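A short write-up of the structure that comes next.
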Protein chains: 2
Amino acid sequence: MGTNGADALSALADPTRRAIFECLARGPKAVGLLAEQLPVSRPAVSQHLRVLKDAGLVTDQADGTRRVYRIDRRGVDAIHAYLDQMWGRALRSFQETAERLAAQEQNGPPEGDRREEERP
Amino acid sequence: MGTNGADALSALADPTRRAIFECLARGPKAVGLLAEQLPVSRPAVSQHLRVLKDAGLVTDQADGTRRVYRIDRRGVDAIHAYLDQMWGRALRSFQETAERLAAQEQNGPPEGDRREEERP
DNA sequence: ACGAACCGTAAGTCTGTACTTACCGACTCT
DNA sequence: AGAGTCGGTAAGTACAGACTTACGGTTCGT
């Protein structure tokens, strides 16, 4: 819980949660103020904030009876890291198959020339 | 449809879909081969691939009776762009409030010193 | 041309979850 | 201390969507 790309990803999947996230990106806000600008009830906002907090996307801070929420960079970074990892894997895979094809061509011209994807 | 951060985000929210995405990151694969390595049926994989394709996260290419899927950079970039936009907003907001606080301090020492978040 | 392989779609079921109302604790100010 | 404000939690409902089986269309090999 916290700095996990998968959790952050699924947290930002819900439209209402994205709306909350985008609203907090414009500046820190208290829960009630957040609920006023959204088409859902205050308890719903609380529940969403819980999910966003568990995903490391927001942090909360007490201010009297209010709780002020703001965006947390950790969750954002976690998603970035996840995507970079995946895309890096894909790039390495592309390079590998390219090298394999080049080596194949050097030896002998292939006859049963199937396409180049993984075979178990 | 295609290069939208929100769609790509919610597409990668499902665990099975993430598994498919991660599997394709290791290299392009056909649908049946993909289904063998996953705990769900082949039609389920087809439906997930449809969602991933609509989100711009994968592309498909016919190869005889098979369809080979591979990762598409556009969806990944869309998510990156969305997150960067949000975090950029947050940074600008931080800077604004910091400047406002500095100006406030220069004029007169604040008395009713409430915390600095947005008031409607 | 016929059978086989591969894949997408249709229809139906069932679980997860987003939402509501109701309730209760924490903090503030007079 | 008591009234008022703010916010998290509980319980219950309703809808989205993930999965299955069954079916049909397309392409390849013999």
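Note that this is a predicted model, so its numbers are computed, not measured. Each chain gets a letter, A, B and so on, in the order its sequence line appears, and its residues count up from 1. Excluded from the calculations below are hydrogen atoms, water molecules and symmetry mates; all remaining heavy atoms, backbone and side chain alike, are included.
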Legend entry - Nearest-Å distance for atom pair CZ/C1', residues B/Arg42 and C/dT9: 10 Å
Legend entry - Interatomic distance where NZ belongs to A/Lys53 and P belongs to D/dG8 [whole Å]: 8 Å
Legend entry - Selected nucleotide, minimal atom distance to A/Arg66 side chain, candidates D/dG7, C/dC6, D/dC19: D/dG7
Inset, instruction - Could you check which residues of residues 43-52 of chain A get a heavy atom under 4.0 Å from DNA chain C? Sort them by number, please. - result: A/Pro43, A/Ala44, A/Gln47, A/His48
Legend entry - Rounded distance in Å - CD1 (A/Ile20) to P (C/dA18): 11 Å
Legend entry - Electrostatic pair B/Arg66:B/Asp63 at N-O distance under 4.0 angstrom: yes
Legend entry - Separation of atom CZ in A/Arg18 from atom C1' in C/dA18, rounded to whole Å: 14 Å
Legend entry - Value rounded to 0.5 Å, distance of CZ in B/Arg70 from CG in B/Leu24: 9.5 Å
Inset, instruction - Examine D/dG7: is either OP1 or OP2 under 4.0 Å from a nitrogen or oxygen in the side chain of A/Thr65? Give yes or no. - result: no
Inset, instruction - Round to a whole Å and report the spacing from CG of A/Leu12 to P of C/dA18. - result: 12 Å
Legend entry - Residue whose nearest DNA chain D nucleotide is more 5′ - B/Val40 or A/Val31: A/Val31
Inset, instruction - Report the distance from atom SG of B/Cys23 to atom CZ of B/Arg26, rounding to the nearest 0.5 Å. - result: 8.0 Å
Inset, instruction - May I ask you to verify if any side-chain N or O of A/Tyr69 is less than 4.0 angstrom from the OP1 or OP2 atom of D/dG8? - result: yes
Legend entry - Separation of atom CG in B/Leu34 from atom C1' in C/dA5, rounded to whole Å: 17 Å
Inset, instruction - Starting from P on D/dG8, measure out to CD on A/Gln61 and report it in whole angstrom. - result: 14 Å
Inset, instruction - Keeping the roles fixed (side chain from B/Arg89, backbone from A/Glu22), state whether a donor-acceptor pair exists under 3.5 Å. - result: no
Legend entry - A/Leu38 CG to A/Arg17 CZ distance, which is reported to the nearest 0.5 Å: 13.0 Å
Inset, instruction - Give the nucleotide from the list C/dA18, C/dC19, D/dA18 with an atom nearest to the side chain of A/Arg17. - result: C/dA18
Inset, instruction - Over 60° means perpendicular and under 30° means parallel, so classify the ring planes of A/Trp87 and A/Phe94, tilted if in between. - result: perpendicular
Inset, instruction - Could you please name the option among C/dC27, D/dA18, D/dG8 that lies closest to any side-chain atom of B/Asp14? - result: D/dA18
Legend entry - Distance test, side-chain N/O of B/Thr16 to OP1/OP2 of D/dC19, below 4.0 Å: yes
Inset, instruction - State the CD-NZ distance between A/Glu36 and A/Lys29, to the nearest 0.5 angstrom. - result: 11.5 Å
Legend entry - Separation of atom CG in A/Asp63 from atom P in C/dC29, rounded to whole Å: 11 Å
